[in-house]
Amino acid sequence: VMVANGSKGTFSGSGSVYTLVVIPTAGAQGNITVDVSTTGVTDSAGNQATTPAQVTQAFDTIAPTVTITDNISGVANAAVVSFTFSFSESVTGFDASKVSVGNGSKGTFSGSGRVYRLVVIPAADVQGNITVDVSTTGVSDAAGNQATAPAQYTQAINTLALVATEPSYAAPSTNPF
């Protein structure tokens, strides 16, 4: 038995039925092919077994990945920041509950398939970062591969209130020396 794009696992059986477990190649997708050679395989009457057709099975063991971007370059001081979550392939199970936000609050969430968006309202009176963390538990592609969680994403913000100060004046000097 020859296997391509996978490895041979347990082989069992007797008589006219045999089973081979094939383990797909990790981190890949395509077709597993299985070819059986019947050379030297005969029945009890000595008849040569006929060679079966090649068996092909599609597989996908690639976990979806996600990239996070936002609509602000540099330091954000806007009323809202829009974060985009772009997956390498369509996924299900991704919603606003999978996103944790620091120094901001979640607003509108939308999207499906490969692209999702979350509007975040920055916290008031903060100079630092909005942080975005994603949990991919329960987020998977059509083959059931769980998505890989991205690293924490940060967007610099400065929402400190401006404080007006009264100007100070120096009294003019009356001494000519």
Side-chain angles (χ1 to χ4, degrees), residues 1-73 80-102 104-120 129-155:
V1 177
M2 301 286 292
V3 175
N5 290 326
S7 59
K8 296 176 196 176
T10 306
F11 183 75
S12 60
S14 64
S16 62
V17 178
Y18 292 84
T19 302
L20 173 64
V21 174
V22 177
I23 299 122
T25 302
Q29 65 184 19
N31 289 317
I32 295 172
T33 58
V34 178
D35 293 290
V36 178
S37 169
T38 58
T39 303
V41 178
T42 59
D43 64 13
S44 59
N47 299 311
Q48 175 68 39
T50 57
T51 301
Q54 182 182 67
V55 176
T56 302
Q57 175 63 55
F59 77 101
D60 174 3
T61 59
I62 297 175
T65 58
V66 60
T67 302
I68 306 170
T69 57
D70 69 64
N71 65 327
I72 305 291
S73 61
V80 298
V81 179
S82 179
F83 291 90
T84 301
F85 305 87
S86 301
F87 286 86
S88 58
E89 59 184 302
S90 287
V91 296
T92 58
F94 188 67
D95 58 37
S97 72
K98 303 294 183 184
V99 182
S100 298
V101 175
S105 58
K106 292 187 237 180
T108 306
F109 181 85
S110 62
S112 65
R114 292 186 64 204
V115 179
Y116 299 81
R117 287 184 180 76
L118 175 65
V119 172
V120 172
N129 291 314
I130 294 174
T131 58
V132 176
D133 292 287
V134 173
S135 167
T136 55
T137 301
V139 179
S140 60
D141 64 10
N145 300 308
Q146 181 173 311
T148 303
Q152 182 180 72
Y153 185 85
T154 60
Q155 168 60 56

**Message:** Could you check whether T39 and S37, counting side-chain N and O atoms only, form a donor-acceptor pair closer than 3.5 Å?
**Reply:** yes
**Asked** If every non-hydrogen atom of V99 is compared with every non-hydrogen atom of K106, which pair is closest and at what distance?
**Response** O-NZ, 2.7 Å
**Approximate separation, where rounding is to 0.5 Å, of R117 CZ and N71 CG** = 10.0 Å
**Prompt:** Parallel, tilted or perpendicular: which describes the rings of F87 and F94, with under 30° parallel and over 60° perpendicular?
**Reply:** perpendicular
**Message:** Donor-acceptor check, side chain of T25 to backbone of N5, threshold 3.5 angstrom: yes or no?
**Reply:** yes
**Message:** Under a 3.5 Å distance rule, please check whether T84 uses its side chain to pair with a backbone N or O of T69 as donor and acceptor.
**Reply:** no
**Request:** Could you tell me how the ring of F83 sits relative to the ring of Y153: parallel (under 30°), tilted (30 to 60°) or perpendicular (over 60°)?
**Result:** perpendicular
**Closest heavy-atom pair and its distance - G104, V120** = CA-CG1, 4.0 Å
**Asked** Are the side chain of K98 and the backbone N or O of V139 linked by a donor-acceptor pair below 3.5 Å?
**Response** no
**Request:** Determine the minimum heavy-atom distance between L118 and G107, stating which atoms define it.
**Result:** CD1-O, 3.8 Å
**Request:** Take V3 and L20 through the side-chain contact (heavy atoms from CB on, under 4.5 Å) test and state the conclusion after the steps.
**Result:** CA-CA 10 Å; V3 175; L20 173 64; 4.1 Å; yes
**Message:** Is it the case that the side chain of D60 and the backbone of Q29 share a donor-acceptor pair, with hydrogens and angles ignored and the cut-off at 3.5 Å?
**Reply:** no
**Message:** If you compare all heavy atoms of I62 against all heavy atoms of N145, which two are closest, and at what distance to 0.1 Å?
**Reply:** O-ND2, 3.2 Å
**Donor-acceptor under 3.5 Å (D141 side chain, P64 main chain)** = no
**Item:** For G27 against T61, the heavy-atom pair lying closest together
**Value:** N-OG1, 2.9 Å
**Request:** Look at atom CD of Q57 and say whether more than 12 heavy atoms of other residues, nucleotides or ligands are closer to it than 6.0 Å.
**Result:** no
**Prompt:** What heavy-atom pair brings A147 and T136 nearest, and what distance separates the two atoms?
**Reply:** O-OG1, 2.8 Å
**Prompt:** What's the verdict on side chain to side chain donor-acceptor pair (under 3.5 Å) for T33 and N31, showing C-alpha distance, side-chain angles and the deciding distance?
**Reply:** CA-CA 6 Å; T33 58; N31 289 317; over 6 Å; no
